[in-house]
Enquirer: 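Got a structure for you, written out below as C-alpha cells; questions coming shortly.
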Amino acid sequence: MILFTAGAAGAAQSPLAPAFSAVGVDGKAVSSRQLAGKAYIVNFFASWCPPCRAEIPDMVALQNAYKAKGFTFVGVAVNENDESIKSFMKSNGISYPVVMADQKLVGAYGRYVEGGIRSIPTSFVVNRSGRIIQIISGARSKAVFEKMILDALKQPKAVK
C-alpha cells in the first residue's frame, strides 16, 4: 500500500524528513546532516520479517548501482538485537548503513503515518532537498524501488 506520494510539482510542499542522528550497527555515525543533498530511502525492517527479507537482495543491488549517484538506503532494524542484525547484514551482503530502531526514531518518522508505523517493511523516500516524497508500507519489487530512487535523485526545479 502506498500511503503517500508527491509528484514533481508536489515535492516542494512535501514534508521535510526528520532530523536524526544514530550510531550504525557497524559503529559509524549515521545522520540526516550527513545525508544532506543526497537522496535516500529510510527502510524500517526486521530480519525475522518475510516480506522484509524478500526485498533485501533488490535493495542491496540498487544500493550498489546508485551509491555513486548520491543515493543510499538507511535500514532501521525493528525489534532486533545487535548480534542477530550483524549476522543478517553479513549473510545478505548489506552494504548500506543500518541503525537500531529506538522510540525517538520510530516516533520521528511515524508521525507521517496515520496511527504511526505499525507494520514493516515501511519505507520513506527522501529527495535531494530533504523532503519525504513517498511513504510506502509493504515490500516492493526492484523495479518499483528503482523508480522511487530515480524520482528522489531528480534535481528539484527552481521555484519562480
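Since the structure is predicted, the reported quantities are computational estimates derived from the model, not experimental observations. Hydrogens, waters and symmetry mates are skipped; everything else that's a heavy atom, side chains included, is used.
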Enquirer: Looking at Ser87, is its backbone amide N or carbonyl O close enough to the side chain of Ser91 to form a donor-acceptor pair, meaning the two atoms are under 3.5 Å apart?
Expert: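 Yes; judged by distance alone, with no hydrogens or angles, the pair exists.
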Enquirer: Got Val42 and Leu105 here, is their nearest side-chain heavy-atom distance under 4.5 Å?
Expert: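 They are not in contact (no side-chain heavy atoms under 4.5 Å apart), so the answer is no.
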Enquirer: Could you check if a side-chain atom of Asp151 sits within less than 4.5 angstrom of a side-chain atom of Gln134, using non-hydrogen atoms only?
Expert: yes
Enquirer: When you measure from the side chain of Gln34 to the backbone of Ser31, do you find a donor-acceptor pair of N or O atoms at a distance under 3.5 Å?
Expert: yes
Enquirer: Nearest 0.5 Å please: distance from the OG atom of Ser123 over to the CD1 atom of Ile136.
Expert: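 Result: 6.0 Å between the selected atoms.
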Enquirer: Are Val25 and Met89 close enough, and set up right, to give a side-chain contact (heavy atoms from CB on, under 4.5 Å), and what steps lead you there?
Expert: CA-CA 9 Å; Val25 174; Met89 288 175 65; 4.1 Å; yes
Enquirer: Would a hydrophobic clustering, with Ile, Leu, Val, Met, Phe, Trp and Tyr connected at side-chain separations under 4.5 Å, put Leu62 with Leu150?
Expert: yes
Enquirer: Angle between ring planes, Tyr96 versus Phe73, binned at 30° and 60°: parallel, tilted or perpendicular?
Expert: tilted
Enquirer: Is there side-chain contact between Phe71 and Gln63, with heavy atoms separated by less than 4.5 Å?
Expert: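 When only atoms from C-beta onward are counted, Gln63 and Phe71 do touch, with a gap below 4.5 Å.
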Enquirer: Just verifying a value: how many Å separate Met100 CE and Asp82 CG, rounded to the nearest 0.5 Å?
Expert: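 Reported to 0.5 Å precision, the distance equals 5.0 Å.
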Enquirer: Could you walk me through whether Val98 and Val74 pass side-chain contact (heavy atoms from CB on, under 4.5 Å), step by step?
Expert: CA-CA 6 Å; Val98 174; Val74 176; over 6 Å; no
Enquirer: To the nearest 0.5 angstrom, please state how far the CG atom of Asn64 sits from the OG atom of Ser95.
Expert: 4.5 Å
Enquirer: Hey, could you give me the CZ/CD1 distance between Phe44 and Ile117, rounded to the nearest 0.5 Å?
Expert: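 So the CZ of Phe44 and the CD1 of Ile117 are separated by 4.0 Å.
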Enquirer: Just by modelled atom types, is the Leu153 backbone N or O under 3.5 Å from a matching donor or acceptor in the Arg128 side chain?
Expert: yes
Enquirer: State, with a plain yes or no, whether a side-chain heavy atom of Val126 is found less than 4.5 Å away from one of Ile41.
Expert: no
Enquirer: What distance do Cys52 atom SG and Asn43 atom CG have between them, rounded to the nearest 0.5 Å?
Expert: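 So the gap between those two atoms works out to 6.5 Å.
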Enquirer: Atom CE of Met59 and atom OG1 of Thr72: how far apart are they, to the nearest 0.5 Å?
Expert: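 The OG1 atom of Thr72 is 9.5 Å from CE of Met59, to the nearest 0.5 Å.
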Enquirer: Give the C-alpha distance, both sets of side-chain angles, the deciding distance and a yes or no for side-chain contact (heavy atoms from CB on, under 4.5 Å) between Val125 and Phe145.
Expert: CA-CA 10 Å; Val125 183; Phe145 267 128; over 6 Å; no
Enquirer: Minimum heavy-atom separation for Val99 and Gly24, please, with both atom names.
Expert: CG1-CA, 3.8 Å
Enquirer: Do Lys28 and Val23 touch side chain to side chain, with heavy atoms closer than 4.5 Å?
Expert: no
Enquirer: Go through Tyr40 and Phe124 one step at a time and tell me if the ring-ring contact (aromatic ring centres under 6.0 Å, His included) criterion holds.
Expert: CA-CA 8 Å; Tyr40 57 99; Phe124 296 80; over 10 Å; no
Enquirer: Heavy-atom distance under 4.5 Å between the side chains of Phe88 and Ile94, does that happen here?
Expert: yes
Enquirer: Is a side-chain donor or acceptor of Glu80 paired with a backbone partner of Ser47 at a separation under 3.5 angstrom?
Expert: yes
Enquirer: Could you check if a side-chain atom of Ile132 sits within less than 4.5 angstrom of a side-chain atom of Ser14, using non-hydrogen atoms only?
Expert: no
Enquirer: Nearest heavy-atom pair of Ser129 and Leu16: which atoms, and what distance?
Expert: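 Looks like O-CD2, 4.0 Å.
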Enquirer: Compare all side-chain heavy atoms of Pro121 with those of Glu55 and state whether any distance is below 4.5 angstrom.
Expert: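 Contact flag for Pro121/Glu55 side chains = yes.
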Enquirer: Does Phe20 offer a backbone N or O that forms a donor-acceptor pair with the side chain of Ser32 under 3.5 Å?
Expert: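 Yes; judged by distance alone, with no hydrogens or angles, the pair exists.
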